[in-house]
J.: 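Just dropping this structure here.
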2 protein chains.
Amino acid sequence: MSSDEILNQAQEIFEVYLEQNGHRKTPERFAILHEIYTNYGHFDVETLFSHMQSGECRVSRATLYNTMELLIDCNLVRKHQFGDNIAQYEKCHRVGQHDHVIIADSGEVLEFCDPRIQQIKATLEELFDIEILHHSLNIYARKRKNK
Amino acid sequence: MSSDEILNQAQEIFEVYLEQNGHRKTPERFAILHEIYTNYGHFDVETLFSHMQSGECRVSRATLYNTMELLIDCNLVRKHQFGDNIAQYEKCHRVGQHDHVIIADSGEVLEFCDPRIQQIKATLEELFDIEILHHSLNIYARKRKNK
DNA sequence: TTCTTTGCAAATGCTTTGCACCCAG
DNA sequence: CTGGGTGCAAAGCATTTGCAAAGAA
């Protein structure tokens, strides 16, 4: 599936979500979705804000924060807190469940997916009699120096 | 090992750490360590602050934040970010590596330890040629309703 | 005495909120 | 039209910082 198709699907999902929840389909909301799905893997609100300031549709920080909540609510975006207190966001439509390796020096974020996580979750659900909603696994590491 | 012994060991570790790194052994620092090791599992700075205000040794928030860094540096305390942007801390001397289940409704924190995490980490170190420093795995769940 | 540490209060930086104006429905 | 949405600026809140005073070495 091309990234255009992914964007289109995301827009459709967002539209349906907005309709079903009685929210208006404003140009700002779609501009934000478009920006996110066109340009980023992981990002923070400030980056998004400054990029969109130099674009055609300028939105305020307030609108960005509002819209992020909507996008999170309809599973088009996920929110992370990687240690510092700047929230990081990530688009997540059709992106398989994965986890993160954060490189200490550079802040670079790698992604991986290990099936053993699912096994652990299954064990926990039984052990604690809980229903797992989601999880976050972050590995903090540094690159090996000696080759 | 009793909790008194754990406290004593922690104090000793802290003392050695302070000496070796040219930090002074102030009463505030030991009062904070004592408060943490006597009273909490997980806690945030504000809780610690207000509890210590009503105690004998009153410390400022600034000192609390400073001291938390020292304690983290010598592995007597760990820092978490469970989603919101209030940092949560946890004492960790002689507490085996473990991870967390956060119950959505109540905010209750359960602990667990699964050896498969270590296996995953070993795999990742090889895969990405990195040296893993630490990790954080948080499972967000809700309690099963029907019994 | 010396120089780190403390405490206070002000500053910072991310995020939220209040409110007047605007526009999707 | 009408009420939800937007932008702006102000407010909130956790955390950090500057600086004078305190006190550990």
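All values reported here derive from a predicted model rather than from experimental measurement. Throughout, a chain's letter reflects where its sequence line sits, starting with A, and its residues are numbered from 1.
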J.: Heavy-atom nearest nucleotide on DNA chain D for A:V59 versus B:Y89: which residue maps closer to 5'?
T.: A:V59

J.: Calculate the interatomic distance between A:K79 atom NZ and C:dT16 atom C1'; express it in whole Å.
T.: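 Those two atoms, NZ and C1', are 11 Å apart.
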
J.: Round to the nearest Å and state the distance from B:K25 atom NZ to C:dT4 atom C1'.
T.: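 Result: 15 Å.
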
J.: Taking N and O atoms by type only, does the side chain of B:R24 place a donor or acceptor under 3.5 Å from a partner on the base of C:dT5?
T.: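 Side chain to base: no pair present.
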
J.: Please check the phosphate of C:dT16 (OP1 and OP2 only) for any side-chain N or O of A:Y65 closer than 4.0 Å.
T.: no

J.: For B:H134 and A:Y140, take the angle between the two ring planes, folded into 0 to 90°, and tell me which bin it lands in: parallel under 30, tilted 30 to 60, perpendicular over 60.
T.: parallel

J.: For the pair made of CZ in A:F82 and P in C:dC14, what is the distance, rounded to whole Å?
T.: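 In whole Å, C:dC14 P and A:F82 CZ are 17 Å from each other.
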
J.: Which of the following nucleotides, C:dC8, C:dT6, D:dT6, is nearest to the side chain of A:E28?
T.: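 The answer is D:dT6, which lies nearest to the side chain.
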
J.: What is the separation between atom CD1 on A:I86 and atom P on D:dT16, rounded to the nearest whole Å?
T.: 12 Å

J.: Please report the interatomic distance NE2(B:H98) to CD(B:E90), rounded to the nearest 0.5 Å.
T.: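 Those atoms lie 3.5 Å apart.
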
J.: Within this structure, what is the CD-to-C1' distance between A:E69 and D:dT6, rounded to whole angstrom?
T.: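 Answer to the nearest Å: 16 Å.
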
J.: Both B:A87 and A:R58 contact DNA chain D. Which one's nearest nucleotide lies toward the 5' end?
T.: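 Nearer the 5' end of the strand: A:R58.
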
J.: Which of the following nucleotides, D:dG7, C:dT15, C:dA24, is nearest to the side chain of A:S60?
T.: D:dG7

J.: Below the 4.0 Å mark, does D:dG4 have OP1 or OP2 next to a side-chain nitrogen or oxygen of A:H23?
T.: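 Indeed not, no polar side-chain atom of A:H23 lies that close.
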
J.: Take B:Q53 and B:R29, find for each the nucleotide of DNA chain C with the closest heavy atom, and name the residue whose nucleotide sits nearer the 5' end.
T.: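 Comparing both residues, the 5'-ward one is B:R29.
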
J.: Are a donor atom and an acceptor atom from the side chains of B:H51 and B:Y40 found within less than 3.5 Å of each other?
T.: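 B:H51 vs B:Y40: donor-acceptor pair found between side chains.
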
J.: Do any side-chain nitrogens or oxygens of A:T26 fall under 4.0 Å of OP1 or OP2 in C:dA24?
T.: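 Checking C:dA24 against A:T26, no side-chain N or O comes under 4.0 Å of OP1 or OP2.
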
J.: Which one, C:dT6, D:dT17, D:dT16, comes nearest to the side chain of B:A62?
T.: D:dT17

J.: Assign the ring pair B:H100 / B:H42 to parallel, tilted or perpendicular, where the plane angle (0 to 90°) is split at 30° and 60°.
T.: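 If you compare the ring of B:H100 with that of B:H42, the planes turn out perpendicular.
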
